[in-house]
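For reference, the structure discussed in these notes is given below.
The analysis underlying the following values was restricted to heavy atoms, covering all of them including side chains, and did not include hydrogens, waters or symmetry mates. All ligand and atom numbering here is 1-based and tracks the order in the structure.
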Amino acid sequence: HSKKLGRNCYNVFKPGMNELMERRRELEGDMDKALQRGEFEVYFQPRVSVATSRITGYEALLRWNHPDRGQISPQEFIPVAEACGKIVSIGAWILRQACTAAVEHFPGQRISVNISPVQFQRAEFVEEARRTVEETGIRPGLLELEITESMLLGDDYGALKRIEKLKSLGFSIALDDFGTGYSSLSYLSKFPFDTIKIDRSFVSGIETNENARLIARTVVDLANSMGKAIVAEGVETAAQAEFLIRCGCGELQGYLLGKPLPISEAIEARQASFEDLLAFRGRDEIDD
Ligand code: C2E
Ligand code: MG
Ligand code: MG
Ligand code: MG
């Protein structure tokens, strides 16, 4: 049955594509007013240090509370915002929100903000980020910008200059979704990242896939030997956490430690200790 579907895939898929394009067009239209109407909200997902069992910082993750459609995932609307350029104003907004929240509610904890390639490739980005830091009063070292390998493609020089400038201003730079892009290793040697985030796809394979385990372990080793901070993304189970801890992974992020939360809930949880979850435990206990 499924084979038949596969053969007709093109015909089956085509109307779906049109619907998708239609929905994208509608989202793009709605996006115009969404910022002014206050429909965007920043969620905060904790990042936990293995050494201290405490929250070292948060990743700011954008949510769109659409009046008719409910909450829309960034996976759906960020690409639309990037295609039409609105990501520039939305991105500036979330950066400011994240810095303001960090100063007011998360003293001493780091805030990480995803930066779109569309934002990052603009020459004005560095100056805008500098001004946001100045105006919100956040210590630049507590602000981490998450970028992806795709931003470094084809524009080595501009991107390198910008990263170096941001570093000289005191920002931290994280390489997000590590292992999913191109020629990862050459980027690691060329660009002065502070942090590497292992992509969730490797973490989710830890319990079932020997290659995912090997890759996770190798990336942790590489980051540690290069003196970079290493964060595992998408940690969902105690067994994944244990494996990563045994490998020497310094920080964990994922549903096991906490889902992205609206600010009020993140504030309530900010002093949480994860000692029980992260304490080294024997195989037998993990498996039951
Ligand atoms: P990302 O930067 O890799 O962010 C991590 C994503 O993994 C988030 O999805 C988070 O909710 C999800 N996640 C965290 N822990 C777990 C887990 O244990 N299991 C699973 N299954 N998922 C987990 P989210 O919030 O839907 O965001 C998706 C992507 O959208 C982000 O991936 C990021 O690339 C982009 N994004 C989100 N907010 C922003 C933003 O403010 N600006 C830009 N440019 N992109 C953003
Ligand atoms: Mg990220
Ligand atoms: Mg990202
Ligand atoms: Mg990621």
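For the pair A101 and I263, the tightest heavy-atom approach, listed with the atom from each and the gap, is CB-CD1, 3.5 Å. When all heavy atoms are compared, the tightest approach of P46 to L257 is CG-O, 4.3 Å. Heavy atoms only, all atoms of each residue included: G179 and E149 are closest at N-OE1, 4.3 Å. Considering every non-hydrogen atom in both Q119 and A92, the closest pair reads NE2-N, 3.9 Å.
L61 CD1, 3.8 Å is the protein heavy atom nearest to atom 10 (C) of ligand 1. Summary of contacts: the protein heavy atom closest to atom 4 (O) of ligand 1 is E59 OE2, 3.5 Å. With hydrogens left out, the protein atom closest to atom 18 (O) of ligand 1 is Y255 N, 2.8 Å, a heavy atom. Shortest contact from atom 38 (N) of ligand 1 to any protein heavy atom: L62 N, 3.1 Å. With respect to atom 21 (N) of ligand 1, the closest heavy atom belonging to the protein is E236 OE2, 3.1 Å. For atom 35 (C) of ligand 1, the closest heavy atom belonging to the protein is P74 CB, 4.3 Å. The single protein non-hydrogen atom nearest to atom 11 (O) of ligand 1 is P260 CG, 3.3 Å, given as residue, atom name and distance. Closest to atom 3 (O) of ligand 1 among all protein heavy atoms lies D177 OD1, 3.0 Å.
Atoms of ligand 1 lying under 4.0 Å from at least one heavy atom of I94, given by number and element, are 41 (O). Near S116, the atoms of ligand 1 lying under 4.0 angstrom from a non-hydrogen atom of the residue are 44 (N). Within ligand 1, counting atoms from 1 as listed, the ones closer than 4.0 Å to a heavy atom of Q45 are 14 (C), 15 (N). Those atoms of ligand 1 that come under 4.0 Å of a heavy atom in D176, given as number and element, are 1 (P), 2 (O), 3 (O).
Within the coordination shell of the Mg ion (ligand 2), defined by N, O or S atoms under 2.8 Å, N114 is present. Metal site remark for the Mg ion (ligand 2): E146 contributes an N, O or S atom at a distance under 2.8 Å. Distances from the Mg ion (ligand 2) show that D176 has an N/O/S atom below 2.8 Å.
By the 6.0 Å contact criterion, CZ on R139 is open, its count of non-hydrogen atoms from other residues, nucleotides or ligands being 12 or less. K167 NZ: more than 12 foreign heavy atoms inside a 6.0 Å radius.
Using a cutoff of 4.0 Å between basic side-chain nitrogens and carboxylate oxygens, E19 and R23 are not scored as salt-bridged. Under a 4.0 Å N-O distance rule, the pair K197/E59 qualifies as a salt bridge. Using a cutoff of 4.0 Å between basic side-chain nitrogens and carboxylate oxygens, E236 and R200 are not scored as salt-bridged.
Side-chain contact between Q45 and Y255 is present, with heavy atoms from C-beta onward closer than 4.5 Å. In this structure, T132 and L143 have side chains that are not in contact, with every pair of non-hydrogen atoms separated by 4.5 Å or more. Between R130 and K165 the shortest side-chain heavy-atom distance does not fall below 4.5 Å. In this structure, the side chains of I163 and L152 come closer than 4.5 Å at one or more pairs of heavy atoms.
Less than 4.0 angstrom separates atom 46 (C) of ligand 1 from at least one non-hydrogen atom of the protein. Within the 4.0 Å cut-off (strictly below), no protein heavy atom is located near atom 32 (O) of ligand 1.
The shell of residues lying under 4.0 angstrom from ligand 1, judged by heavy atoms, excludes K259. Residue contact check for ligand 1: R63 places a non-hydrogen atom closer than 4.0 Å to it. Using a 4.0 Å cutoff on heavy atoms, G234 counts as a contact of ligand 1.
Residue Q253 does not touch ligand 1, judged by heavy-atom distances below 4.0 Å. When non-hydrogen atoms are compared, ligand 1 lies under 4.0 Å from the backbone of V235 (N, CA, C, O) but not from its side chain. At a heavy-atom cutoff of 4.0 Å, ligand 1 is contacted by both the backbone and the side chain of N114.
For E59, the N/O/S atom at the shortest distance from the Mg ion (ligand 2) is named OE2.
In this structure, the separation between NZ on K228 and CG on D194 is 7.0 Å, given to the nearest 0.5 Å.
Residue-to-ligand polar distances place R200 within reach of ligand 1: an N/O pair is separated by less than 3.5 Å.
When Q240, Q97, E233, Q119 are ranked by how near their heavy atoms come to atom 5 (C) of ligand 1, first place goes to E233.
Aromatic rings from F77 and F40 are positioned such that their centres are separated by under 6.0 Å.
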